[in-house]
Enquirer: 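This is the structure I want to talk about, given as structure tokens.
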Protein chains: 2
Amino acid sequence: MSTDEPRWLDDDEQEAWLALVSTGTRLPAALDRQLQRDAGISHFEYQVLAWLSMSPERTLRMSALANFVDGSLSRLSHTAKRLEKEGWIRRTPDPANGRYTLAVLTDQGWDKVAAAAPGHVAEVRRLVFDPLTKAQQKQLRQIGRRISNAIGPDNACPATTND
Amino acid sequence: MSTDEPRWLDDDEQEAWLALVSTGTRLPAALDRQLQRDAGISHFEYQVLAWLSMSPERTLRMSALANFVDGSLSRLSHTAKRLEKEGWIRRTPDPANGRYTLAVLTDQGWDKVAAAAPGHVAEVRRLVFDPLTKAQQKQLRQIGRRISNAIGPDNACPATTND
DNA sequence: GCTTTTGAGTTGAAAGTTCAACCAATCGTG
DNA sequence: CACGATTGGTTGAACTTTCAACTCAAAAGC
């Protein structure tokens, strides 16, 4: 953008960066593969079902759900249509305020997440936690929080002030 | 998969996991936004151009390039068609072995990356390195390497054995 | 109280990605 | 040296995601 030389990445930064980009594309891909293979759903769809399953009444407003899964409302709407067609969720206008839409996990939806969860958790463990020491897991938590803060708000995890 | 209870994530793991997923989806999105806004290309396209620009003769075989950018050959082929249409790359059959295809960065392609790079590097710095201490940057490098190893081969960064 | 504005959500078309089928060149093997 | 198997790459169709336009309900102005 500006005309003066930017501060390029040094070798260490470069290596960290390449590793991060590579992991950032390959980890989601790996999770998608596992879920697609064992449950026939994408990681995004899984997250939608999972967040609903953890919510009171198994219910969330579409916009809240979109925030949790870090997706656009439009993307969520299309996905919700597919999930609804499968019978895993239902959508109803919020009786308390007609311009909100509530997404509700159905019983079949619950069964679906319940069936998919163990395999998914095992994969997360295998790829992320098992290869790390306890100390590294803690470091990862702190690092993730800092980068997430830098990216900005819209965060699923409520802001924790301590780093 | 198996019928016995899986080992669920404890609270600390859960938090680390949510942070990682959130960062893993929002960081690429943020990079895409910056590049799209300032250069009119996606992060994936940028990576293609960048890897070519760093390669001898500004040339790489399609399959090698696909590995570097962690994408399928098909995806790369479609992308290459678009980049070629813009005049940023050329494709020719490898004279040495007719079943390989060489992707070559053109002069305009070089100019394109050169123009996009400073803004992109600045964004990477802002989002990833500036918020971290030197120690955390080192930790991130090690953690990334371990997770990357767990995911498996096909890695852009040549395998480094020390953790 | 009627109109304008704002915000949540949906929709359809365009762009991008994946999937499976395909082509073409090389390698192996008899 | 011929023929099937393999490998690198492309293509088109199906699917997903994005983008911009639109709908509808609640709030805000006046």
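Proteins get letters first, then strands, A, B, ... in listed order; numbering begins at 1 in each. Keep in mind the model is a prediction, meaning the values are calculated, not measured.
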Enquirer: I'd like to know if A:Glu13 and B:Arg141 make a salt bridge, using a cut-off of under 4.0 Å between side-chain N and carboxylate O.
Expert: no
Enquirer: With sequence neighbours excluded, what pairs up with B:Pro28 under the side chain to side chain contact (heavy atoms under 4.5 Å, CB included) test?
Expert: none
Enquirer: Taking only residues two or more places apart in sequence, or in another chain, which ones meet A:Asp11 in a salt bridge (charged side-chain N to carboxylate O under 4.0 Å, His left out)?
Expert: none
Enquirer: Heavy atom of residues 90-106 of chain B under 4.0 Å from DNA chain D: which residues?
Expert: B:Arg91, B:Arg99, B:Tyr100, B:Thr101
Enquirer: Within the 4.5 Å heavy-atom criterion, are B:His78 and B:Arg82 side-chain neighbours or not?
Expert: yes
Enquirer: Which pairs pass side chain to side chain donor-acceptor pair (under 3.5 Å) with one or both residues in residues 84-96 of chain A, sequence neighbours excluded?
Expert: A:Glu84-A:Arg91
Enquirer: If the sugar-phosphate is the primed atoms plus P, OP1 and OP2 and the base is the rest, what is the B/S/- string for nucleotides 13-20 of chain D, using protein heavy atoms under 4.0 Å?
Expert: ---SSBB-
Enquirer: Could you state the interatomic distance from CG (B:Leu132) to CD1 (A:Ile143), rounded to the nearest 0.5 Å?
Expert: 6.0 Å
Enquirer: B:Asn97: which residues meet the side chain to side chain contact (heavy atoms under 4.5 Å, CB included) condition with it, sequence neighbours left out?
Expert: B:Arg99, B:Tyr100
Enquirer: Among residues at least two apart in sequence or on other chains, which ones pass side chain to side chain contact (heavy atoms under 4.5 Å, CB included) with A:Arg58?
Expert: A:Leu105, A:Asp107, A:Trp110
Enquirer: Nearest 0.5 angstrom please: A:Met62 CE to A:Asn67 CG, how far?
Expert: 12.5 Å
Enquirer: Under 4.0 Å from any atom of DNA chain D, heavy atoms only: list the residues of residues 52-62 of chain B that qualify, in numerical order.
Expert: B:Met62
Enquirer: Go through the structure and list residues passing salt bridge (charged side-chain N to carboxylate O under 4.0 Å, His left out) with B:Asp111, not counting sequence neighbours.
Expert: none
Enquirer: To the nearest Å, how far apart are B:Ile89 CD1 and D:dT10 C1'?
Expert: 13 Å
Enquirer: Considering only heavy atoms of chain B and a distance under 4.0 Å, specify the first and last nucleotide of DNA chain C in 5' to 3' order that meet this criterion.
Expert: C:dG16 to C:dC27
Enquirer: Mind checking what makes side chain to side chain contact (heavy atoms under 4.5 Å, CB included) contact with B:Arg126, not counting sequence neighbours?
Expert: B:Glu123
Enquirer: B:His43: what forms a ring pair (Phe, Tyr, Trp, His ring centres under 6.0 Å) with it, not counting sequence neighbours?
Expert: B:His120
